[in-house]
Amino acid sequence: MRVAVLSGKGGTGKTFVSVNLACAAEKAVYVDCDVEEPNGRLFLKPEDTRTRSVTVTVPEVEMDKCTGCRNCVDFCRYNALALVPGRLMIFNEICHSCGGCILFCPEKALSEKKREIGTIETGTSGQVTVLTGCLNTGEVSGVPIIKELMELLPEEGDAVIDCPPGSACIVMESICKADFCVLVAEPTLFGAHNLEMVYELVRLFHKPFGVVLNKCLPEENPSERFCRENQIDILAEIPYDAELGGLNSRGLVAARESKRYRELFRGLWDRVTKGAEQ
Amino acid sequence: MKVAVPVEKKTLDASVCPSFGRTPFYALYDTETRTCEFMDNAAAESQGGAGIQAAQLLVDHGVGAVITYRCGENAAQVLKPADIALYKAQDGTVSDNLENYKAGKLLPLAEIHPGFHGHGGGGA
């Protein structure tokens, strides 16, 4: 079973929930899709790591073949090419790697060139296989890395996908292969608003889902109210707890260190498994 | 020589548009015939790379100088090999700026900003 963990904003506890879920499962793959700042590995501390490069294809020009016909410039809807006297300029950062310019060049002056945009690190942490997507600084889009991560998901067995924050394309790519979505929400008005964003997204994708209320205090919880009003299943409530804060700040996994949290996350895993089967 | 100015409206009394790449129109002033025409900026609504497309438009129209408040680095990279000079616009109308240009009172645009990539809806 594949579980995606997402939230409308950063800092709600996606990585916390994902890492602990992966450790509470018997044997799982943890996939860090938050490629702009992957931090699950800070807790899981994977060993025997191997790193592979993730590349995109960009055009390269042989100027002596270019006749300046401008087919490529006119074709590119992202304006990644410009023709100035004596030179075809290519803006790699703007290119979306569609390959159209190469197809439309009548002189075959354009060819494909690989450009690295990031890496995928593979390692193990106890029973957990850790896949970490890592986008190079300054790159515009991590989507190609997410797509490669999705191809590395095992056909059988369990996987926990730690999504990037928000509800944009990069999150859609991260949940596309999930059997169940866990939405993590904070107990604030802002948290409830962000919960609504991802709630709309998972409904649009027809994914079974449930909510984990994180950092719960005895006071009124707007995210809980939102769940009640929309008949959303609350899978677990995690308290705003000094013990958890202490474990997290030391880079430890609560489900590995504390019996109480091991039981909480095993219970959550069971709820998720049942939810996915329904 | 042709001088291009990004403008909000198709009149000489209009103010200079603060955006180079996404300005709705350009004023094209011909220093030899002393006439001015206006053209639509096809890049204004583009998904991304507006600066590049706008710069390409000016290169294609044989512009020799641009009067603008600012210019992004990608656009500047396209304008430079075409030997298009960049001048810093002053507050006032398009005519004021053209007068100041003719009087040699405009300063070269010293600062090229890093651009607003990914903020024009062009992200993947």
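No hydrogens, no waters, no symmetry mates; every other heavy atom, side chains included, goes into these values. In the text below, chain A, chain B and the rest are named by the order of the sequence lines, each starting its count at 1.
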A.B. asks: Just wondering, more than 12 heavy atoms not from B:E45 lying within 6.0 Å of its CD?
C.D. replies: no

A.B. asks: With a 4.5 Å heavy-atom cut-off (strictly below), which parts of residues 78-102 of chain B touch chain A? List them by number.
C.D. replies: B:V78, B:P81, B:A82

A.B. asks: Is there a donor-acceptor pair closer than 3.5 Å between any side-chain N or O of B:Q47 and the backbone N or O of A:R77?
C.D. replies: no

A.B. asks: How many angstroms lie between CZ in A:F91 and CD in B:E73, if you round to the nearest 0.5 Å?
C.D. replies: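 A:F91 atom CZ to B:E73 atom CD measures 9.0 Å (nearest 0.5 Å).
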
A.B. asks: Report which part of A:L81 has an atom under 4.5 Å of a heavy atom belonging to chain B: side chain, backbone, both, or neither.
C.D. replies: backbone

A.B. asks: Please classify the contact between B:A43 and chain A as side chain, backbone, both or neither, with a heavy-atom cut-off of under 4.5 Å.
C.D. replies: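 For B:A43, neither part sits under 4.5 Å from chain A.
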
A.B. asks: Check A:I94 against B:I52 and note the closest heavy-atom contact, atom names and distance.
C.D. replies: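 Between these two residues, the closest heavy atoms are CD1-CD1, 3.3 Å.
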
A.B. asks: Sort and list the pairs that fulfil salt bridge (charged side-chain N to carboxylate O under 4.0 Å, His left out) and have at least one residue in residues 50-66 of chain B, not counting sequence neighbours.
C.D. replies: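 Of all non-adjacent pairs touching residues 50-66 of chain B, those that pass salt bridge (charged side-chain N to carboxylate O under 4.0 Å, His left out) are A:R70-B:D60.
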
A.B. asks: Return the minimal non-hydrogen interatomic distance between B:G48 and A:N79, and the atom names on each side.
C.D. replies: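 The answer is O-ND2, 2.9 Å.
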
A.B. asks: How about CD on B:Q77, more than 12 heavy atoms from neighbouring residues, nucleotides or ligands closer than 6.0 Å, or not?
C.D. replies: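 Atom CD in B:Q77 is packed in, count exceeds 12.
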
A.B. asks: Where do B:Q56 and A:V73 come nearest, in terms of heavy atoms and distance?
C.D. replies: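 B:Q56 and A:V73 have their closest heavy atoms at OE1-CG1, 3.8 Å.
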
